[in-house]
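What follows is a short report on a single structure.
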Amino acid sequence: MTNLKIYNSYTRKKEVFSPITPGHVGMYVCGPTVSGESHMGHARPYITFDVVNRYLTHLGYKVRYVRNITDAGHFEEEGREAEDKISKKAVLEKLEPMELVQKYTNLFHWAMKRFNNIEPSIEPTATGHIVEQIEMIKKIIAAGYAYEVNGSVYFDISKYAEDHDYGKLSGRVIDDLLETTRVLEGQDEKRNKADFALWKNAAPEHIMRWQSPWGVGFPGWHIECSAMATKYLGPEFDIHGGGMDLQFPHHESEIAQSTICNHTAPVRYWMHNNMITINGKKMGKSYNNVIKLTELFSGDHPALEKPYHPMVVRFFILQTQYRSTLDFSNEALQAAEKGLKRLWEAYEKLQAMEYGTTPEKPDEALESKVSRTLAELDEFMNDDFNTAKVLANLFELVPVINSIKDKTIPLAALSRTGFELLKKQFRVYMEDILGLQDVSGADNEKLEKVLQLLIELRKEAKKNKDFFTSDKIRDQLSAAGIMLKDEKDGGISVSYE
RNA sequence: GGUACCGUGGCCGAGUGGCUAGGCUGAGCUCUGCAAAAGCUCCUACAGCAGUUCGAAUCUGCUCGGUACCUCCA
């Protein structure tokens, strides 16, 4: 029982979240097609739903998070000869298809780890579930909603639309879909252009192929998600997530297939994240404007002024509500970089503080400001995961923390419980829910000791007014990317780059 | 062409009827051996037009501009 509200794309409304099985949440998120390298656009859904996963867990739900890997090919273009994306590239690169799949899967996992995304509970592959997909197709045929032509099987939209609401999720009018349906000269095997493939007959040169009741072929794109979601989450589950661009036809078709097979609508809450744009245009292969994740992290791309740490990208994404578009620019990313640094440093200072035995002398105004700001954190997350507002509130607390550290505000101005709550909530939000991490390069212990020595030397030099030495230490470390800052309390803090 | 969505200060972005987030940038001040950091303050916006309302960035209509989906797409 919570106050969590989720914007449901299906009803276009925010709805109070109530799971099918109390205490448990089943969530399915469309995963990557591993026929190529992931780009920046791909980062958004996986970070968005990672936070959803983290927050649901934080609320006490036991979450089963299923995210597939699409490793079986689709058609490059409908109407033309069936071409398997993966096998096509494989020929070009002279690689075994599964070798390619493995390579890009590994790369994807590497990027997810750098983003500090928690791994899904189950990460099923399409090729690992051919049997389930075939079984599902059989059921759809038996129910009379699919037909076979030349070894391919198509879902019959017009039949489905007779007694179901095809197009509701994506706001499509079924008659329009069917009208555009002019049958293209006999070539097309489909009865209606709106029909989609459940199984495709494989041309001889097609590398990825499986035996089926309809001959040798490969599954249509939409069926894999239906089959895997049903298998691991049941015929009806709580949340289905993915990018907005998947709403139609992918998710619409998923609903149709699953509904026929399982006699129930598959999903309670549909969630769709918006796109990342670059110069106002969606980042996508067809636009030729993608920045791959590897390029983003290395800075090796003409559009990038510098490399960006995965945490900066994560923070950048979380600064926007997930249903808004997010425009990429160097300026915006660098603003995020600075913001994150400030927030993280304040967070670290806070965690290092101890209330000690100081007698409390609470300042009512401060006390209530802090507790209200903290309480709002939950409200914002409960309002459709508004991480942008959460971050805004965390930032509002930064001056408070820094002032306490600088002793401009006495620690005792907060009550002991107020302070402990501040400390705890900051940790919970920064690390557990938002999944942020330290950006500064991990240093090894020995270097850390050397650094401590230099800091001591600088302190002594300063005490002796030997500013030549103290400045030399600071300047030369600075040239090496290590910044020393004299704190008001006499200490020296370190930050990197 | 059809269907949606969007247009917020120098930039990025919250915000769906009144109390005018937040980040970055810029300016000033304080602190400081200097620097950096930090703190404080300032620059106060909602594409245009018309309407509803006591009151609109927020609702309605129109205009202009942009984007997405309709095909693979996160």
Side-chain angles (χ1 to χ4, degrees), chain A residues 12 29-33 35-36 38-49 70 73-80 83 85 167 170-173 176-177 179-180 193-194 196 221 241-250 252 272-277 280-287 290 315-316 319-321 323-343 345-346 349 376 380 386-396 398-403 405-406 408-409 462 465-467 470-471 474-475 478 483-488 492-493 495:
Chain A
R12 286 151 209 269
V29 173
C30 287
T33 302
S35 60
S38 302
H39 59 76
M40 202 180 161
H42 295 109
R44 175 102 105 142
Y46 306 126
I47 289 172
T48 297
F49 292 104
T70 298
H74 310 310
F75 333 115
E76 207 73 43
E77 235 175 281
E78 278 287 18
R80 284 203 202 163
E83 267 179 335
K85 245 189 186 173
S170 54
R172 230 127 295 219
V173 181
D176 292 348
L177 289 174
E179 249 170 56
T180 5
K193 187 134 186 253
F196 57 87
W221 175 35
M244 254 181 180
D245 48 354
L246 296 182
Q247 238 176 29
F248 189 88
H250 185 53
E252 199 72 71
H272 291 97
N273 64 274
N274 214 135
M275 303 290 101
I276 287 184
T277 58
K281 278 230 162 32
K282 173 184 165 183
M283 191 179 283
K285 244 183 208 157
S286 34
Y287 295 97
V290 301
F315 177 82
F316 174 66
Q319 258 191 314
T320 310
Q321 216 279 340
R323 283 186 290 114
S324 304
T325 53
L326 171 61
D327 199 48
F328 162 88
S329 70
N330 281 286
E331 213 183 347
L333 238 1
Q334 280 163 34
E337 187 172 46
K338 287 181 186 167
L340 173 59
K341 187 167 189 247
R342 196 162 89 91
L343 183 63
E345 285 180 1
K349 282 184 208 167
E376 281 174 349
F380 295 156
N386 198 329
T387 53
K389 283 185 136 191
V390 165
L391 283 169
N393 266 28
L394 291 177
F395 269 109
E396 288 213 51
V398 166
V400 175
I401 295 167
N402 282 330
S403 296
K405 169 75 177 168
D406 292 344
T408 320
I409 296 175
K462 276 182 65 182
K465 306 255 190 237
D466 176 6
F467 297 125
S470 66
D471 286 354
R474 187 177 62 194
D475 294 346
S478 167
M483 257 69 79
L484 297 186
K485 292 180 286 191
D486 296 340
E487 296 293 339
K488 295 211 170 111
I492 294 178
S493 70
S495 73

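Throughout, protein chains are lettered first and strands after them, A, B, ... in sequence-line order, and every chain is numbered starting at 1. All of these numbers come straight from a predicted model, not from anything done at the bench.
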**Report entry** G7(B): pairing nucleotide in any strand, Watson-Crick or G-U under 3.5 angstrom
**Finding:** C64(B)

Query raised in the report: Hey, is F467(A) stacking on G33(B)? Ring centres under 5.5 Å, planes under 30°.
Result: yes

Query raised in the report: Does E345(A) come within less than 4.0 Å of K405(A), counting only side-chain N to carboxylate O?
Result: no

**Report entry** Distance below 4.0 Å between N273(A) side-chain N/O and A74(B) OP1 or OP2
**Finding:** no

Report task. Could you check which nucleotide pairs with C42(B) in any of the strands shown, counting Watson-Crick or G-U wobble with both distances under 3.5 Å? Result -> G26(B)

Listing time: all N or O pairs from protein to nucleotides 12-15 of chain B that are below 3.5 Å?
residue: G13(B); atom: OP1; partner: D327(A); partner atom: N; Å: 2.8
residue: A14(B); atom: OP1; partner: Q321(A); partner atom: N; Å: 3.0
residue: A14(B); atom: OP1; partner: S324(A); partner atom: OG; Å: 3.1
residue: A14(B); atom: O3'; partner: N386(A); partner atom: ND2; Å: 3.4
residue: G15(B); atom: OP1; partner: N386(A); partner atom: ND2; Å: 2.9

Report summary line: Assert: residue with more 5' nearest nucleotide on RNA chain B, out of A335(A) and K485(A), is A335(A)

Query raised in the report: Rounded to the nearest Å, what distance is computed from the CE atom of residue M275(A) to the P atom of nucleotide C5(B)?
Result: 16 Å

Report summary line: Nearest heavy-atom approach of E252(A) to G167(A) is OE2-N, 3.0 Å

Query raised in the report: Looking at R323(A), does any N or O in its side chain come under 4.0 Å of the phosphate oxygens OP1/OP2 on C5(B)?
Result: no

Requested in this report: Would you please name every residue forming a side-chain contact (heavy atoms from CB on, under 4.5 Å) with H272(A), sequence neighbours left out?
Outcome: S9(A), L169(A), M244(A), Q247(A), H251(A), W270(A)

Query raised in the report: With a non-hydrogen cut-off below 4.0 angstrom, is L484(A) in contact with a base, only sugar-phosphate, or nothing?
Result: base

Which protein N or O atoms sit under 3.5 Å from an N or O of nucleotides 25-30 of chain B?
residue: U25(B); atom: OP1; partner: K338(A); partner atom: NZ; Å: 3.0

Query raised in the report: Would one find a side-chain N or O of R474(A) under 4.0 angstrom from OP1 or OP2 of U32(B)?
Result: no

Report task. Would you please confirm or rule out a distance under 4.0 Å between OP1 or OP2 of G2(B) and any side-chain N or O of R172(A)? Result -> no

Query raised in the report: At under 4.0 Å between heavy atoms, what does S403(A) touch on the DNA or RNA strands: base, sugar-phosphate, or nothing?
Result: sugar-phosphate

